[in-house]
Amino acid sequence: MKLPRNPTTGPTPATRSKELKQERAIRSRHNILLAAARAFAERGYPAVTMHDVAELSGMTKGAVYFHFTSKECLAVAVSEEFARRLPAISDAVDQLALPPVASVAELLLRTAAELRDEPLMQAGARLQIERGLIDAELPLPFEDYTALIATWLKGALAVGDLEHATPPEPLARVLVSAFFGAQLLSWIVSDRTDIIERTVEVLHAVLPCTKDPRHISPYLHEAATARNPVPTRPHSRAGRPLA
């Protein structure tokens, strides 16, 4: 009896072609999203056109409309990505297993660095300010962010690392409000070049215990080390330090 042939392993040419098209579509959408973010961050929502986004992305206007049917859809997509970035920063901080107060400081400092360096974060923050000018429902990214800070503050209170007259929930709201206000002023005054310094000022003013070296964040420690590296002693050819 003749046995049936084994089916061919791996994708067929037609399947592979379809996968390549999907990959190109994903890359195109991502490029358009980044171009829109740069435009919104630099010019603001009202001043940006779909033509601007097409030019910045290096794609045709038709290609932009294929992925996003309107400027409002672009604003929503950028805002949704911004809303996803904040939990990603929180998760990265959570994995460090820092003391609660240090976790709060680390979260704000890492968020500040992303706002300084990432156009998509800058666009997301600006669109939140301009949400009244956008005829679409944008996500509210700060609620879970604030709730996590409140949870950490409760933990700090429980272990005696926080002494504050304000309960954790309102204290978290004040801290987040002060931080995002500080980043706005930093953007207006210095294009966010001083956002880290302003964030430290907010932390020290709202949470004085963050001045304690026990609660210093790894981000600040790494930044201080980068500014003031430990000098190394010169070595002889034999590899021993010179006297």
Report task. Report yes if the side chains of E169 and K154 come closer than 4.5 Å at any heavy-atom pair, otherwise no. Result -> yes
**Report entry** Rounded distance (nearest 0.5 Å) linking atom CG of L96 with atom CG of D91
**Finding:** 11.0 Å
**Report entry** E81 vs L34 side-chain heavy atoms within contact, under 4.5 Å
**Finding:** no
Query raised in the report: Do R126 and F40 touch side chain to side chain, with heavy atoms closer than 4.5 Å?
Result: no
Query raised in the report: According to a 4.5 Å side-chain heavy-atom criterion applied to Ile, Leu, Val, Met, Phe, Trp and Tyr, with indirect links allowed, do V48 and M59 form part of one hydrophobic cluster?
Result: yes
Requested in this report: Compare every heavy atom of S190 with every heavy atom of D194, then report the nearest pair and how far apart it is.
Outcome: OD1-OG, 2.7 Å
**Report entry** Donor-acceptor pair between D52 and T49 side chains, under 3.5 angstrom
**Finding:** yes
Requested in this report: Taking all heavy atoms of M50 and all of F68, pick out the closest pair and write down the distance.
Outcome: CE-O, 3.4 Å
Query - Minimum heavy-atom distance between P139 and R131, given as atom pair plus value - result: O-NH1, 3.5 Å
Query raised in the report: Relative to the ring of F142, is the ring of F82 parallel (under 30°), tilted (30 to 60°) or perpendicular (over 60°)?
Result: perpendicular
**Report entry** Single-linkage hydrophobic cluster W187~L109, side-chain heavy atoms < 4.5 angstrom
**Finding:** no
Query raised in the report: What's the verdict on side-chain contact (heavy atoms from CB on, under 4.5 Å) for R84 and L120, showing C-alpha distance, side-chain angles and the deciding distance?
Result: CA-CA 11 Å; R84 281 191 287 269; L120 200 145; over 6 Å; no
**Report entry** Any D161 side-chain heavy atom under 4.5 Å of D212 side chain
**Finding:** no
Report summary line: Of all heavy-atom pairs linking P100 and G155, the shortest is CG-C, 3.9 Å
**Report entry** Distance in Å, R38 CZ paired with R43 CZ, rounded so as to fall on 0.5 Å steps
**Finding:** 10.0 Å
Query raised in the report: Can a donor-acceptor pair be found between the side chains of S57 and N31 at a distance below 3.5 Å?
Result: no
Requested in this report: Enter the distance from E106:CD to D94:CG here, rounded to the nearest 0.5 Å.
Outcome: 12.0 Å
Query raised in the report: Is there a side-chain contact between T210 and H204 (heavy atoms, below 4.5 Å)?
Result: yes
Query raised in the report: Are the side chains of I89 and M121 in touch, meaning some heavy atoms are under 4.5 Å apart?
Result: yes
Query raised in the report: Are side-chain heavy atoms of R198 and Q183 found at a separation under 4.5 Å?
Result: no
Requested in this report: Check the surroundings of atom CD in E130: do more than 12 heavy atoms from other residues, nucleotides or ligands lie under 6.0 Å from it?
Outcome: yes
Query raised in the report: Roughly how far apart are F179 CZ and Y145 OH, rounded to 0.5 Å?
Result: 5.0 Å
Query raised in the report: Under 4.5 Å between side-chain heavy atoms, hopping through other hydrophobics if needed: is there a path connecting V206 to V200?
Result: yes
Requested in this report: Give the cluster check for V76 versus V53: same hydrophobic cluster or not, with ILVMFWY residues linked at side-chain heavy-atom distances below 4.5 Å.
Outcome: yes
Query raised in the report: Does some side-chain heavy atom of V176 sit less than 4.5 Å from a side-chain heavy atom of I149?
Result: yes
Requested in this report: Treating Ile, Leu, Val, Met, Phe, Trp and Tyr as nodes and any side-chain heavy-atom pair under 4.5 angstrom as an edge, say whether V104 and L86 lie in one connected cluster.
Outcome: yes
Query raised in the report: Judged by atom type as modelled, is there a donor-acceptor pair below 3.5 Å linking the side chain of T69 to the main-chain atoms of Y65?
Result: no
Query raised in the report: What is the minimum heavy-atom distance between A113 and I196, and which atoms define it?
Result: N-CD1, 4.0 Å
Query raised in the report: More than 12 non-hydrogen atoms from neighbouring residues, nucleotides or ligands closer than 6.0 Å to NE2 on H30, yes or no?
Result: no
**Report entry** CG on L175 to OG1 on T199, rounded to 0.5 Å
**Finding:** 10.0 Å
Query raised in the report: Taking it one step at a time, do H67 and L33 satisfy side-chain contact (heavy atoms from CB on, under 4.5 Å)?
Result: CA-CA 10 Å; H67 291 280; L33 196 65; over 6 Å; no
Report task. Report, as yes or no, whether the 6.0 Å neighbourhood of atom CG on D135 holds more than 12 heavy atoms from other residues, nucleotides or ligands. Result -> no
Requested in this report: For W152 and L148, run side-chain contact (heavy atoms from CB on, under 4.5 Å): C-alpha distance rounded to whole Å, both residues' side-chain angles, the deciding distance at 0.1 Å, then the answer.
Outcome: CA-CA 6 Å; W152 280 332; L148 177 59; 3.6 Å; yes
Report task. Tell me, yes or no, whether the heavy-atom count around D117 atom CG, taken from other residues, nucleotides or ligands under 6.0 Å, exceeds 12. Result -> yes
Query raised in the report: Shortest non-hydrogen contact from L107 to T111?
Result: O-OG1, 2.7 Å
**Report entry** Separation of Y45 OH from I134 CD1 (nearest 0.5 Å)
**Finding:** 6.0 Å
Report task. Might you work through the side-chain contact (heavy atoms from CB on, under 4.5 Å) test for L153 and L207, ending with a clear yes or no? Result -> CA-CA 10 Å; L153 293 177; L207 292 176; 4.0 Å; yes
